[in-house]
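Some notes on the structure that comes next.
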2 protein chains.
Amino acid sequence: MPSFRDHDFFPIGMNELIENANQLGVAIASARKALGLTQRELALAINSGERFIVELEAGKPTAQLGKALAAAHAVGLRLTAVGRSAG
Amino acid sequence: MPSFRDHDFFPIGMNELIENANQLGVAIASARKALGLTQRELALAINSGERFIVELEAGKPTAQLGKALAAAHAVGLRLTAVGRSAG
DNA sequence: GAAATTTCTTCCCGAACGGGAAGTTTTCGG
DNA sequence: CCGAAAACTTCCCGTTCGGGAAGAAATTTC
């Protein structure tokens, strides 16, 4: 599975386009690591099991929407929706 | 301004913060109406049942993440994730 | 190299998703 | 206003989520 080589620093403040569960999972994983959180800690933060985080970050498309958004929020990801006609 | 019905217009370029399933549902419903699509048509577009769209737009937090993102995509919503620590 | 963390996998199984279709209510066009 | 279209509800029920835990595997640290 694709992952970043991220031993060192992290480009915080990046702007990622989210088209599917996989991209959201990657974004959450990146943001989590940037904060130095473990999957367990993130799971605790949103009252889920560790397995949920594992599967979410792996891009599981059937993950629960609400918990996924909660996880994104918990790692400081700001999600915005823009109508396409905006250009 | 010519006369128009309340749902004929969609504020172009509006940028909505998505924090939970409810906000995403509202955004999807708005975008769908702006395109003149019915729930049935949207359901067909993403290979789901109508009920899924009804529940998604109603903000059901346990809706499947992948299908929710597919629906957002289908109605032309561009979702972006931005790391919060930048600003 | 070894030990310690962290991540991923597997188990069981109750709880809940959600498809299709029919039926009801709300909304909209003429 | 009235009829049509769209939206929402309800039904049955097979499929699958996902919690907790223990252990394997991978990664990091000394």
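Worth saying up front: this structure is predicted, and the values here are computed from it rather than measured. Only this structure's heavy atoms are used, side chains among them; waters, hydrogens and symmetry mates stay out. Proteins get letters first, then strands, A, B, ... in listed order; numbering begins at 1 in each.
With A:Gln39 as the partner, the side chain to side chain contact (heavy atoms under 4.5 Å, CB included) test is satisfied by one option alone out of A:Val54, A:Leu44, A:Leu56: A:Val54. The side chain to side chain contact (heavy atoms under 4.5 Å, CB included) test with B:Phe52 is passed by exactly one of B:Leu42, B:Ile46, B:Asn47: B:Ile46.
Partners of B:Lys67 according to the salt bridge (Lys or Arg N to Asp or Glu O under 4.0 Å) rule, which considers only residues two or more places apart in sequence or in another chain, do not exist here.
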Carefully, step by step, assess B:Leu79 and A:Leu17 under the rule side-chain contact (heavy atoms from CB on, under 4.5 Å). CA-CA 6 Å; B:Leu79 288 173; A:Leu17 186 64; 5.9 Å; no
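Between A:Glu41 and A:Arg32 there is no salt bridge, since none of the side-chain N atoms of the basic residue sits less than 4.0 Å from a carboxylate O of the acidic one.
No single ILVMFWY cluster, assembled from side-chain heavy atoms under 4.5 Å apart, contains both B:Val26 and B:Leu77.
In this structure, the side chains of B:Ile53 and B:Ser48 come closer than 4.5 Å at one or more pairs of heavy atoms. Contact of the B:Leu69 side chain with the B:Leu65 side chain is registered, since non-hydrogen atoms from C-beta on lie closer than 4.5 Å.
DNA chain D lies under 4.0 Å from at least one heavy atom of each of the following residues of residues 59-67 of chain A: A:Lys60, A:Thr62, A:Ala63, A:Gln64, A:Lys67.
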For nucleotides 2-10 of chain D, give me one character per nucleotide, 5' to 3': B if any protein heavy atom sits under 4.0 Å from the base, S if the only such contacts are to the sugar-phosphate, - if neither. ----SSSBB
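For the pair A:Ile46 CD1 and D:dG19 C1', the interatomic distance rounds to 13 Å; values are reported in whole Å.
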